[in-house]
Amino acid sequence: MLLEGTGMKVSEMLVPTLREIPAEAEVVSHQLLLKAGFIRKAAAGVYNLLPLAWRVVKKIEQIIREEMDRQGGQELMMPIVQPAELWRESGRWDVYGPELFRLKDRHGRDFCLGPTHEEIITTLVKGDINSYKQLPLLLYQIQNKYRDERRPRFGLLRGREFIMKDLYSFDYDQDGLDVSYNKMYEAYNNIFSRCGLDFRPVVADSGAIGGKDTHEFMVLAESGEATIVYCEGKECGYAANEERAEAVVTGVKDDTPVLELKKIHTPDCRTIADLASFLKVAPERMIKTMLYTTEKETVAALVRGDREINEIKLYNILGCVKLDMAGPATVLAVTGAQTGFAGPVQLKGVRIVADPEVMTMTNAVCGANEDDHHLVNINLGRDFEPDIVTDIRLVKSGEPCPNCGNKLLEARGIEVGQVFKLGDKYSKAMNATFLDENGQARLFIMGCYGIGVTRTMAAAVEQYHDERGIIWPAQIAPYHVAVLPVNHKDEHQFGTAESIYRQLVATGVEAVLDDRPERAGVKFKDADLVGYPLRITVGDKGLAAGQVELTTRQTGDMKMVPLDKIVDEVKSSLLGLGYTGL
RNA sequence: CGGGAUGUAGCGCAGCUUGGCUAGCGCGCCUGCCUUGGGAGCAGGAGGCCGGGGGUUCGAAUCCCUCCAUCCCGACCA
C-alpha cells in the first residue's frame with residue numbers, strides 16, 4: 001500500500017484549521033474542507049490541495065489504479081496543453097463553446113487546456129496502432145483537466161480545474177466494446193465500494209458526447225445536483241437519472257362517450273392550478289401545452305396536466321442543437337394568445353409532440369389559443385392530431401418501475417463517474433483506423449470512462465460528516481488514527497503517547513501525534529474536524545490503570561484498552577471500519 | 001450569460017444612511033504569567049493601499065463614475 005508506515009507530528013504538519021467557516025462556502029463539503037485545513041482557494045473554482053487533501057486524493061487514485069490495472073488498463077500521461085488542430089479535426093473546436101479554455105502561444109497559434117482527452121488519445125493510437133492484433137487496448141490517465149465553467153461553485157464539486165481519471169478503450173468492433181464497457185462498469189463498482197461510498201450506477205442520458213449506452217455513478221447525498229429514481233424492489237435494480245427515466249403509461253383509453261366541444265370563458269386562468277380551481281376539474285383531465293423553440297422551428301409539447309415535461313427527452317426527440325421555452329412574442333405569434341392559453345386544437349404551423357398518456361384522454365380540457373378561454377371536451381382525432389407520440393415527461397417517485405412495475409423512489413446524487421460507449425464518433429472524425437485480418441481498414445470502436453477524483457473526495461465529505469466535522473471512510477482517510485496526549489506537560493502521558501504513535505507507524509498504521517502545546521479541548525475539536533477514523537486519548541485516568549482510550553469517530557464509541565493491546569486493537573478496529581490495507 | 005448580493009487585518013463582522021480626530025470588535029497570531037479531559041483566564045503586542053482606478057470636496061471606508069474580484073439563484077457538465 002502506497003502510504004503505509006507513515007506518520008507525522010501535528011506540530012510539524014500544515015493543517016490550518018479555522019474556527020469559523022469562510023463566508024464564501026455554501027455546501028458542507030466546501031465548508032468542512034476549508035475549515036479542516038484541506039483546501040484553500042487560488043481563484044474561483046481553482047484550489048490548492050493541502051497535504052491532507054493530497055493524501056486523500058492519492059488514496060483514491062491508488063484504488064482507481066489498482067482497479068484499472070486489474071482490468072488490463074495501462075496508465076499513461078498526456079499533455080494538458082493541446083493544439084487546436086486536433087480539436088478542429090474532431091469538430092469540437094467550434095462546438096465546445098466558451099467552456100474550453102483557449103490560449104495562444106507566442107506565435108499566435110491556438111491551443112486549449114484539455115477538458116477531456118479524446119482527440120489527443122485518438123491521434124496517438126491512430127499513429128501507433130495499425131493491426132487488429134494489438135486490440136483491445138485500454139489506456140488511462142489521471143491528471144488535471146480544465147473546464148471554464150459558467151459558474152464554478154460548491155468548492156471541489158464543480159471546479160474549473162479538477163483531477164480526473166479517464167480511460168479510453170479501443171476495440172475491434174461493437175462486441176469488443178461491450179466487453180470493455182462491462183469491464184469498466186465492474187471496475188467502477190469496485191472503486192466506489194472500496195472508497196467506502198454509498199453509491200448507485202444509473203442509466204443516464206448521453207448528452208452532447210453522443211453514443212448509446214451510458215451509466216452514471218452517483219454518490220447518494222442530499223446536496224447532489226442530480227435527481228435519480230430507482231426501483232424499491234431489490235431484485236429489480238432499475239435505477240436511472242431523472243433525465244432519462246422511462247415513464248410508464250398509466251391511463252387507458254376507455255369508452256366514455258365523446259362529448260361536444262365547447263369553448264368557455266376562463267379569465268386569468270394561466271396555470272393548471274388556476275384552471276383546476278376555477279373549473280373544479282382535476283389536472284389529470286387537462287392537457288398541458290408547452291411551446292418550445294429550437295434553432296429551426298417551434299414545437300408544441302403535450303403532457304397530461306399533472307405531469308411535467310422532461311426537456312432532455314424532448315431535446316433528444318427533436319434532434320436539435322438548442323431548445324428553449326418559447327417567449328411571449330413567439331407564443332402570441334403561434335397561438336394568437338398570451339402565454340397560458342395554448343392548446344393543440346387548430347394550432348397551425350408547428351409540429352405537435354404528445355406524450356403517450358395524452359392519447360388515452362377523453363373529453364379533456366386545454367387552452368383555446370385565445371386570451372382568457374379554454375376548450376372542454378377535446379378529443380384526439382376529432383379535434384387534434386399529434387405529429388409525434390413519444391415519452392416526453394418527467395418521471396416522479398411513486399410511479400411504477402418501467403422494468404418490474406414496483407414503486408419508484410427518488411434520491412439525490414452527486415455524479416462521480418460516467419461510462420460511455422462512443423462507437424466510431426472520434427475515430428471516424430479523425431480517420432483513425434487499423435487493418436483487420438483481411439487487410440481492410442476499420443475504424444476503432446471506442447469507449448470513454450471518467451471519474452472525477454477531486455469531486456469524489458468532496459462527495460465523500462458530503463456523505464460522511466456530522467456537526468463536528470468530517471468522518472472519513474477508513475479506506476481514503478488521510479491518516480487512520482490521531483494519538484492525543486491530554487496534557488502535553490505531563491511527561492508520562494506524552495511519552496506514552498509518543499511510544500504508541502511509534503509502534504503504530506512501525507506496524508503500518510498511518511498515525512499522527514498531536515504534540516502541540518494546546519489544551520485538550522483544542523485537540524479534540526481538531527481531531528473531530530479533520531475526521532481521523534480513530535482517536536487514541538492518553539490521559540491520567542486511563543494511565544493510572546495502564547490503559548488508554550480508543551474512540552471511533554463514526555460512532556463515537558469509546559473503549560479502554562490496555563497499553564500492550566492498543567496496537568492490535570487499532571488494527572482490528574480499522575478492519576472493522578472496512579480498511580483492508582493491513 | 002441573465003437575475004440578486006458582497007468586497008474593511010489570517011477568519012467572522014461593525015462603521016457607510018447623515019463625509020470630519022489615530023478605522024473598530026470577536027476569534028486567530030506573537031510575548032509573559034496562569035491553566036490543563038471538549039476551541040480557558042489575565043496582561044502586553046504585531047498586523048489594514050477600507051478590492052483597483054478616476055472624480056466631487058478643505059476633507060472620502062462613507063457620495064458619484066468605472067473597472068475588477070467573489071458568492072448565491074437559473075440554463076450546461078466529471
Side-chain angles (χ1 to χ4, degrees), chain A residues 16-27 30-31 34-35 37 40-46 96-100 114-117 142 144-167 188 204-209 214 216-219 225-226 241 243 311-312 315 321-325 413-420 448-459 468-469 484-490 493-494 516-529 535 537-543 548-549 551 556 558:
Chain A
T17 55
L18 304 171
R19 298 230 172 163
E20 287 176 279
I21 297 166
E24 68 187 32
E26 190 71 11
V27 299
H30 191 195
Q31 293 178 335
L34 282 169
K35 190 176 182 208
R40 286 293 182 264
K41 185 175 69 178
V46 181
Y96 218 100
E99 297 205 345
L100 190 61
T116 175
H117 285 63
I142 302 178
N144 287 8
K145 303 213 175 186
Y146 296 83
R147 176 165 299 177
D148 197 358
E149 288 282 344
R150 287 180 201 177
R151 178 148 88 90
R153 56 181 148 170
F154 303 152
L156 255 33
L157 284 174
R158 183 180 293 275
R160 295 194 293 174
E161 176 181 81
F162 50 93
I163 300 173
M164 192 163 145
K165 186 282 304 183
D166 257 324
L167 183 142
Y188 276 36
D205 182 73
S206 56
I209 302 182
T214 177
E216 290 167 337
F217 286 76
M218 298 284 190
V219 167
E225 292 183 86
N241 191 311
E243 296 174 343
E311 294 187 2
I312 304 277
Y315 175 89
V321 179
K322 254 184 67 175
L323 180 72
D324 293 299
M325 277 183 61
I414 299 167
E415 184 189 344
V416 289
Q418 185 159 20
V419 290
F420 265 111
C448 76
Y449 318 86
I451 292 179
V453 177
T454 35
R455 177 182 279 187
T456 298
M457 172 167 68
R468 294 182 309 198
L484 208 150
V486 167
N487 185 340
H488 73 278
K489 278 189 179 164
D490 182 316
Q493 280 182 28
F494 195 88
R516 296 174 300 170
E518 294 285 355
R519 295 164 60 86
V522 173
K523 298 186 197 180
F524 290 142
K525 291 285 187 194
D526 272 352
D528 287 346
L529 180 59
R535 186 183 86 200
T537 310
V538 183
D540 284 338
K541 303 174 199 163
L543 275 191
V548 292
E549 295 166 23
T551 310
M558 186 274 281

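Per chain, numbering begins at 1; letters A, B, ... match sequence-line order. None of these values were measured; they are calculated from a predicted model.
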Subject >> Non-neighbouring partners of A:E26 that pass salt bridge (charged side-chain N to carboxylate O under 4.0 Å, His left out), sequence neighbours left out >> reply: none
**OP:** Remember a base hit wins even if backbone is also touched, and classify A:D528 as base, sugar-phosphate or nothing at under 4.0 Å, heavy atoms.
**Re:** base
Original post:
Has the side chain of A:R150 got a donor or acceptor atom sitting under 3.5 Å from an opposite partner on the base of B:A75?
Top reply: yes
Subject >> Non-hydrogen side-chain atoms of A:R455 and A:L156 separated by less than 4.5 Å >> reply: no
**OP:** Quick one: look up who B:A23 pairs with, Watson-Crick or G-U, both distances under 3.5 Å, and put none if it's unpaired.
**Re:** none
Original post:
Quick one: which of B:G37, B:A78, B:U70 gets closest to the side chain of A:A44?
Top reply: B:U70
Original post:
A:G45 or A:K541: which one's nearest nucleotide on RNA chain B is closer to the 5' end?
Top reply: A:K541
For nucleotides 30-35 of chain B, tabulate all protein N/O to nucleotide N/O atom pairs closer than 3.5 Å, reporting atom names and distance.
unit_1: B:U35; atom_1: O2; unit_2: A:R519; atom_2: NH1; d: 2.8
unit_1: B:U35; atom_1: O4; unit_2: A:K489; atom_2: NZ; d: 3.3

Original post:
For the residue pair A:F420 and A:Y449, what are the closest heavy atoms and their distance?
Top reply: O-CE2, 3.9 Å
Subject >> Set of residues satisfying salt bridge (charged side-chain N to carboxylate O under 4.0 Å, His left out) with respect to A:R516, sequence neighbours excluded >> reply: A:D514, A:D526
Original post:
Of the nucleotides B:G37, B:C72, B:G38, which has the atom closest to the A:R535 side chain?
Top reply: B:G38
**OP:** Using a 4.0 Å heavy-atom cut-off across all strands, classify A:G417 as base, sugar-phosphate, or nothing.
**Re:** sugar-phosphate
Original post:
Across the strands shown, which category fits A:D490 at heavy-atom distances under 4.0 angstrom: base, sugar-phosphate, nothing?
Top reply: nothing
**OP:** Mark this stacking check for A:F162 against B:A78 as yes or no, applying ring centres under 5.5 Å and ring planes under 30°.
**Re:** yes
**OP:** May I ask which nucleotide in the shown strands pairs with B:A69, Watson-Crick or G-U wobble, both distances under 3.5 Å?
**Re:** B:U6
**OP:** Using both distances under 3.5 Å as the test, list the Watson-Crick or G-U wobble partner of B:G47, or none.
**Re:** none
Original post:
Can you name the residues that form a side chain to side chain donor-acceptor pair (under 3.5 Å) with A:D540, not counting sequence neighbours?
Top reply: A:Q493
Subject >> Assigned partner base of B:G74, Watson-Crick or wobble definition, under 3.5 Å >> reply: B:C1
Subject >> Smallest separation among heavy atoms of A:A459 and A:L157, with atom names >> reply: N-CD2, 4.1 Å
**OP:** Using a 4.0 Å heavy-atom cut-off across all strands, classify A:G159 as base, sugar-phosphate, or nothing.
**Re:** base
Subject >> A:K165: partners by side chain to side chain donor-acceptor pair (under 3.5 Å), with sequence neighbours left out >> reply: A:Y188
Original post:
Out of B:C76, B:G37, B:C29, which has the shortest distance to the side chain of A:T537?
Top reply: B:G37
**OP:** Identify whether any heavy atom of A:E549 sits under 4.0 Å from a base atom; if not, whether one sits that close to sugar-phosphate; answer base, sugar-phosphate or nothing.
**Re:** base
Subject >> Pairwise P distance, B:C72 and B:C64 [rounded to whole Å] >> reply: 27 Å
**OP:** For the side chain of A:A43, starting at C-beta, report the closest nucleotide among B:C76, B:G39, B:U70.
**Re:** B:U70
Subject >> Residue met sooner reading RNA chain B from 5', once A:M558 and A:R151 are mapped to nucleotides >> reply: A:M558
**OP:** Could you please name the option among B:G38, B:G37, B:A78 that lies closest to any side-chain atom of A:R468?
**Re:** B:G38
Original post:
Can you tell which of B:C73, B:U70, B:C76 lies closest to the side chain of A:E99?
Top reply: B:C76
Subject >> Residues that A:E518 engages under side chain to side chain donor-acceptor pair (under 3.5 Å), provided they are two or more places apart >> reply: none
**OP:** Check salt bridge (charged side-chain N to carboxylate O under 4.0 Å, His left out) between A:K35 and all other residues, then give those that pass, not counting sequence neighbours.
**Re:** none
Original post:
What distance, rounded to whole Å, do you find between the two C1' atoms, one in B:G15 and one in B:G7?
Top reply: 15 Å
Would you tabulate the nitrogen or oxygen pairs shorter than 3.5 Å linking the protein to nucleotides 6-11 of chain B?
unit_1: B:C11; atom_1: O2'; unit_2: A:E20; atom_2: O; d: 3.4

**OP:** Applying side chain to side chain donor-acceptor pair (under 3.5 Å), name anything that partners A:D166, two or more places apart in sequence or on another chain.
**Re:** A:K145, A:Y168
**OP:** Can you tell me, in whole Å, how much space there is between the P of B:U8 and that of B:U70?
**Re:** 14 Å
Subject >> Donor-acceptor pair under 3.5 Å, A:D526 side chain vs B:G39 base >> reply: yes
Original post:
What are the two closest non-hydrogen atoms of A:R147 and A:P115, and how far apart are they?
Top reply: NH2-O, 4.0 Å
**OP:** Please tell me which of the listed nucleotides, B:A78, B:A40, B:U70, lies nearest to the side chain of A:R455?
**Re:** B:A78
Original post:
With A:R160, which residues qualify under salt bridge (charged side-chain N to carboxylate O under 4.0 Å, His left out), at least two apart?
Top reply: A:D148
Measure all distances between protein nitrogen or oxygen atoms and nitrogen or oxygen atoms of nucleotides 46-48 of chain B, and list the pairs falling under 3.5 Å.
none

**OP:** Kindly write out the residues that satisfy ring pair (Phe, Tyr, Trp, His ring centres under 6.0 Å) with A:H117, not counting sequence neighbours, or none if the list is empty.
**Re:** none
